[in-house]
Amino acid sequence: MRRKLAVVAGLWSQRLNWLVERVCAVLVGVLVLVVWLGIVSRYAVDLNVTWTEEAARYLMIWAALLAVSSGVARREHVYVEFLFNVLPKPAQRLVTILFDVVSIVFFGLLLIYGTTMAQLGASQFSMLFDLSMALPFAAVPVSAGLSLVQLLLTIAARPAAPLSTHAVVEEMQA
Amino acid sequence: MIAVGVLFVLLLSFGLPIGYVLGIAGIAGLVQVGGVDMLAMAPQRFFAGLDLFTFLAMPFFILAGEIMNRAGITQRLVNFADSLVGFLRGGMAQSNMVASVLFAGISGAAVAEAAAFGNTMVPAMVRAGYPRPFSCAVVVAGSIIGPTIPPSNLMVIYGSMMGVSIAGLFAAGILPGLLMALFCMAVIAALGRRLNLPKSDQRPSLRRILMASKESVYALIMPAIILGGILGGFVTPTEGAAIAVGYALFVGAAIYRELRWSDLPDMLVRTARVTGVVFLIIASASILSWWMAFLGVPQMITTLFLSISHDRNVVIAMVLLLLLVLGMVMDINAILILLAPVLAPLAASVGLDPVHAGVMIVLALNLGLMTPPVGASLFVLCSITGEKLERIAAAMWPFIVAEVFVLLLVAFWSDVTMAVPRLLGL
């Protein structure tokens, strides 16, 4: 039963991440185009686009913060494992649980207070774009929320897919 | 304050990802100084820490590096380097260093280079009879030339945060980066006989160099375009980085024809992911660094340093020692964000130019990529090649000594950094 749950959780973690990564790819692609547009407008034909700088900044923040949840799903966030590895097994289990709790608290607080920030941002407007600041600010709670979901899914999936070390690097070999 | 420090060290050393650790410690700090009401500050600092236009250069330089690897640009740079120095004893190691310099002119991060070269150069060197730990050490030592010679993501962060000219920092990094390559090549030459490094039977030939440079000419003029544009003041670093992406795409797709449309999504996703990992660290560190500033930690550290000595050289030595030691155990982006607001005023108070101080700090942190036990480039190589960290580290100490020597030159002889920016009028 536990194992079946773990497999299902792992599967959903992958599916959600697949979707998030596609969104990230589109955002980075648009980001490149926006900055190119700004360059063309500044050096070649004046297209009278004053919003590119602001749009680029917010696109970057959205893309990078969404990718944070991908890093959670793939265990890509950089960590140091020496001291952990020398701990006896029971202590490792305790530390793992403790760290899960701490991580949940971290993303949970960012989600809660980030939501408040985004709501307050609805009454502020960006400098050039005249865009409600709720949109850029929302990147923080959305990212924290997705990370939280991925965190819970990876915790649930752990019996099926135990901790892999330095997934960043595994990926880089590809 | 001590409680927050202890929490930070414990979480970090037992293996919580540093991006979380910085945020948790920052949040704990906020609660400690202002109670639960202060928690609203956390997402604000988290967001504000990323909200800088100049930071855009980072994902773009990462993307440009991805494209270069995929489009065969990197391989052509290696071939060109080989035509130049491949005939020497230990020629493949020597060409690795030269290729690192060429690659450095386009890439802003060390790990991308370590991964690319670790995948191709190390197996090739091992096949040719080089000891594997030595081959890994060469790639690791070469990889930190990348973020020293511009563009450099750490310089982008430092310049953006401290209001120092990024173009100035870029210009100042050129000479130290070349010196690093030169000293490392000297190390390889000196070790050549002792390690009995292979000597290929190819002769140095002008014809071969011409052939290779013809093959790689589009890759070779890329750094010239990007750096020329940025250092000449024609484009901002962000624009230069975006142009680098465009140029790499064009060369890869239209000239070398190795890039396919279907490669694109994967490269974009990887760019977002690498950026996400770095940006979480930056954003979380911004929470902690706000708390540090609130408590006046920068002033405390400055006072502490200056109470030990007012002498410029002693202060520089203490700063370097601090950065090298921290670089051994902590992620360098995090160190930079936490300590730049501390070290920049300290350096200014003993009369260092902001650009000189910035390059010195970045260089000292770059060394943290290759020093055990925690070094990002070192980890990449271990994982790719399966070689043991201790064995790479043992083969690497001559390179560490050489690069620390360059660091000392940079720190104590300001002309090494300032000559080029002065020449360019930056």
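Values in this document were obtained by computation on a predicted structure and should not be read as measured data. Per chain, numbering begins at 1; letters A, B, ... match sequence-line order. Note that these values count all heavy atoms, side chains included, but never hydrogens, waters or copies made by symmetry.
For B:Leu249, the part lying near chain A is the side chain, with the backbone staying farther off; criterion is any non-hydrogen pair under 4.5 Å. With a threshold of 4.5 angstrom between heavy atoms, B:Val235 approaches chain A through its backbone and through its side chain. Of the atoms belonging to A:Val34, not a single heavy atom falls under 4.5 Å from chain B. In this structure, the portions of B:Leu56 lying under 4.5 Å from any heavy atom of chain A include both its backbone and its side chain. Of the two parts of B:Leu264, neither the backbone nor the side chain holds a non-hydrogen atom closer than 4.5 Å to a non-hydrogen atom of chain A. Contacts of B:Tyr20 with chain A are made by both backbone and side-chain atoms, with heavy-atom separations under 4.5 Å. In this structure, the portion of A:Val140 lying under 4.5 Å from any heavy atom of chain B is its side chain and not its backbone. Contacts between B:Phe53 and chain A at a heavy-atom distance below 4.5 Å involve backbone atoms as well as side-chain atoms. For A:Thr116, no part sits under 4.5 Å from any heavy atom of chain B, backbone or side chain.
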**Request:** Dump the intermediate steps for side-chain contact (heavy atoms from CB on, under 4.5 Å) on A:Trp51 and A:Leu37, then the final yes or no.
**Result:** CA-CA 10 Å; A:Trp51 47 270; A:Leu37 184 69; 3.8 Å; yes

Apply the test side-chain hydrogen bond (donor to acceptor under 3.5 Å, both in side chains) to residues B:Trp290 and B:Gln44: give CA-CA distance (whole Å), side-chain angles for both, the deciding distance (0.1 Å), then the verdict. CA-CA 11 Å; B:Trp290 185 87; B:Gln44 285 172 26; over 6 Å; no

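No other option in B:Phe60, B:Phe279, B:Phe55 has as many heavy-atom pairs under 4.5 Å with chain A as B:Phe60. Interface remark: of the candidates B:Ser284, B:Pro265, B:Ser13, B:Ser13 forms the most heavy-atom pairs closer than 4.5 Å to chain A. Ranking A:Pro136, A:Gly29, A:Ser69 against chain B, the residue ahead of the rest is A:Pro136, based on heavy-atom pairs under 4.5 Å. Counting heavy-atom pairs closer than 4.5 Å to chain B, the top residue among A:Ala144, A:Ala63, A:Ala67 is A:Ala67. Across A:Gly71, A:Ala56, A:Ala118, the residue that shares the most heavy-atom pairs under 4.5 angstrom with chain B is A:Ala56. Heavy-atom pairs under 4.5 Å with chain B were tallied for A:Leu31, A:Ile61, A:Val68; the largest tally goes to A:Ile61. With chain A as the partner, the residue from B:Ala114, B:Ala241, B:Ala242, B:Gly118 showing the most heavy-atom pairs under 4.5 Å is B:Ala242. Of all the listed residues (B:Gly19, B:Pro373, B:Ala42), the one sharing the greatest number of non-hydrogen pairs under 4.5 Å with chain A is B:Pro373. Of all the listed residues (B:Val269, B:Asp51, B:Leu280), the one sharing the greatest number of non-hydrogen pairs under 4.5 Å with chain A is B:Asp51.
Residue-environment remark: CH2 (A:Trp12) stays at or below the threshold of 12 foreign heavy atoms within 6.0 Å.
The backbone N or O of A:Ala9 sits nowhere less than 3.5 Å from a side-chain atom of A:Ser13 that would complete a donor-acceptor pair.
Under the 4.5 Å side-chain criterion, counting only non-hydrogen atoms from C-beta, A:Leu98 is not in contact with A:Arg93.
Taking the six-membered ring for Trp, A:Phe137 and B:Phe47 have ring centres closer than 6.0 Å. Ring centroid separation for the pair B:Phe234 and A:Tyr43 does not come in under the 6.0 Å cut-off.
Scanning both residues, B:Met58 and B:Ile157, for their nearest heavy atoms gives CE-CG1, 3.6 Å.
In this structure, the side-chain contact (heavy atoms from CB on, under 4.5 Å) partners of B:Ala283, at least two apart in sequence or on a different chain, are B:Phe46, B:Leu50.
A cation-pi arrangement is not found for A:Arg15 relative to A:Trp18, the charged atom failing to lie both closer than 6.0 Å to the ring centre and inside a 45° cone about the ring normal.
The OG1 atom of B:Thr271 sits 5.0 Å away from the CD atom of B:Glu66 when rounded to the nearest 0.5 Å.
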